[in-house]
Number of protein chains: 2
Amino acid sequence: MTAAAPHTETAATGGRTLAHPARTEIRLEAVLHALSDPMRLAVVREMAASAEAELSCSAFDLPVSKSTTTHHFRVLREAGVVEQVYRGTAKLNGLRRADLDALFPGLLDAVLDAAARQEDRLGDSRPT
Amino acid sequence: MTAAAPHTETAATGGRTLAHPARTEIRLEAVLHALSDPMRLAVVREMAASAEAELSCSAFDLPVSKSTTTHHFRVLREAGVVEQVYRGTAKLNGLRRADLDALFPGLLDAVLDAAARQEDRLGDSRPT
DNA sequence: ACCGTAGTACGGCAGATGTCAAACTACGAT
DNA sequence: ATCGTAGTTTGACATCTGCCGTACTACGGT
């Protein structure tokens with residue numbers, strides 16, 4: 001092959017493809033660790049609450065720089081919590097609910113519920 | 001009083017007393033973080049599985065030094081996951097089930113169940 | 001009084017983590 | 001072809017984390 005093209009992907013969904021752990025490779029400790037960061041937990045909660053199946057990274061307005069955002073999304077992806085696909089110039093993020101529920105039934109819901117209760121309890125609700 | 005005695009505690013249960021977060025001070029992120037370490041998760045699982053309400057630190061034979069063990073138990077205590085009381089020369093550890101269940105219903109059980117499933121799935125069972 | 005056992009505190013070390021800014025790549029639109 | 005938007009990469013930095021060994025304290029038993 002003469003200088004392989006830089007984007008020989010399926011291109012159906014977009015262009016580049018990201019590496020994700022297979023369902024069987026998802027580790028509980030990694031998931032818990034991924035969810036133990038306030039920023040990432042907030043992201044996951046927002047994804048779970050959203051009607052959309054997939055949200056672009058920029059749909060969340062996190063109080064950190066772009067590079068930090070990239071970093072957090074990678075942690076979530078590598079832990080197997082979210083799935084990411086490129087779609088044009090954006091990168092869409094989706095919760096891997098099916099995989100998580102299959103591996104750890106009730107865990108994600110328990111965490112989401114716990115987060116909601118805590119926010120409620122602490123009056124964490126930020127204005128507007 | 002001339003030179004306050006070094007052990008003016010209740011002494012009913014033992015002597016010294018440890019600082020624990022009150023139920024309302026327990027933070028979900030801290031709990032998840034505490035549980036995201038394999039060593040600590042194992043400890044919590046063992047406590048949950050045990051018939052005893054409280055186990056001494058030395059009841060667990062962790063593959064790490066004493067200081068590291070102390071460190072892990074402190075993380076668990078400060079996160080509000082375990083309760084520790086001195087009893088003579090030993091320090092007894094108990095899961096704060098009631099507090100955790102009240103704050104985050106189903107969370108602890110979901111994590112314990114997830115851990116059991118993962119162990120099962122990966123054949124993590126160490127011999128003897 | 002003395003010793004042994006259980007655990008703590010201190011200091012150190014290597015590696016992970018959260019954060020940023022700046023430079024870069026990929027894609028869509030003009 | 002050019003530009004802007006979205007996200008990545010790199011390198012840096014401070015902090016945290018897990019780990020250790022050694023020295024220390026607290027308690028119970030002899």
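In what follows, chains are A, B, ... by sequence order, proteins preceding strands, each numbered from 1.
A side-chain donor-acceptor contact under 3.5 Å links A/Thr70 to the backbone of A/Lys66.
Under the ring-ring contact (aromatic ring centres under 6.0 Å, His included) criterion, B/Phe104 pairs with no residue at all, not counting sequence neighbours.
In terms of phosphate contacts, B/Arg40 brings a side-chain nitrogen or oxygen within less than 4.0 Å of OP1 or OP2 of D/dG18. For D/dT8, the OP1/OP2 oxygens have a side-chain nitrogen or oxygen of A/Thr70 closer than 4.0 Å.
Under the 3.5 Å distance criterion, with hydrogens and angles disregarded, a donor-acceptor pair is assigned to the side chains of B/Glu29 and A/Gln118.
Heavy-atom distances to DNA chain C give each of B/Lys91 and A/Ser36 a nearest nucleotide, and the one nearer the 5′ end belongs to B/Lys91.
Between A/Arg45 and A/Asp113 there is no salt bridge, since no side-chain N of the basic residue sits under 4.0 Å from a carboxylate O of the acidic one.
Atom CZ in B/Phe73 sits roughly 15 Å away from atom P in C/dA9 (whole-Å rounding). A straight line from CD of B/Gln84 to C1' of C/dT8 spans 12 Å, rounded to a whole angstrom.
The side chain of A/His33 lies closest to C/dT17 when the candidates are C/dT17, D/dT9, D/dG18. When distances are taken from the side chain of A/Tyr86 to each of C/dG7, D/dT8, C/dT5, the shortest belongs to D/dT8.
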Below 3.5 Å is the cut-off: list the nitrogen or oxygen pairs between protein and nucleotides 19-21 of chain D, distance only.
{"from": "D/dC19", "atom 1": "OP2", "to": "B/His72", "atom 2": "NE2", "distance (Å)": "2.4"}
{"from": "D/dC20", "atom 1": "OP2", "to": "B/Ser65", "atom 2": "N", "distance (Å)": "2.7"}
{"from": "D/dC20", "atom 1": "OP2", "to": "B/Ser65", "atom 2": "OG", "distance (Å)": "3.2"}
{"from": "D/dC20", "atom 1": "OP2", "to": "B/Thr68", "atom 2": "OG1", "distance (Å)": "2.8"}
{"from": "D/dG21", "atom 1": "N7", "to": "B/Ser67", "atom 2": "OG", "distance (Å)": "3.1"}
{"from": "D/dG21", "atom 1": "O6", "to": "B/Ser67", "atom 2": "OG", "distance (Å)": "2.7"}

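Under the 4.5 Å side-chain heavy-atom criterion for grouping Ile, Leu, Val, Met, Phe, Trp and Tyr, B/Val43 is connected to B/Leu41 within one hydrophobic cluster.
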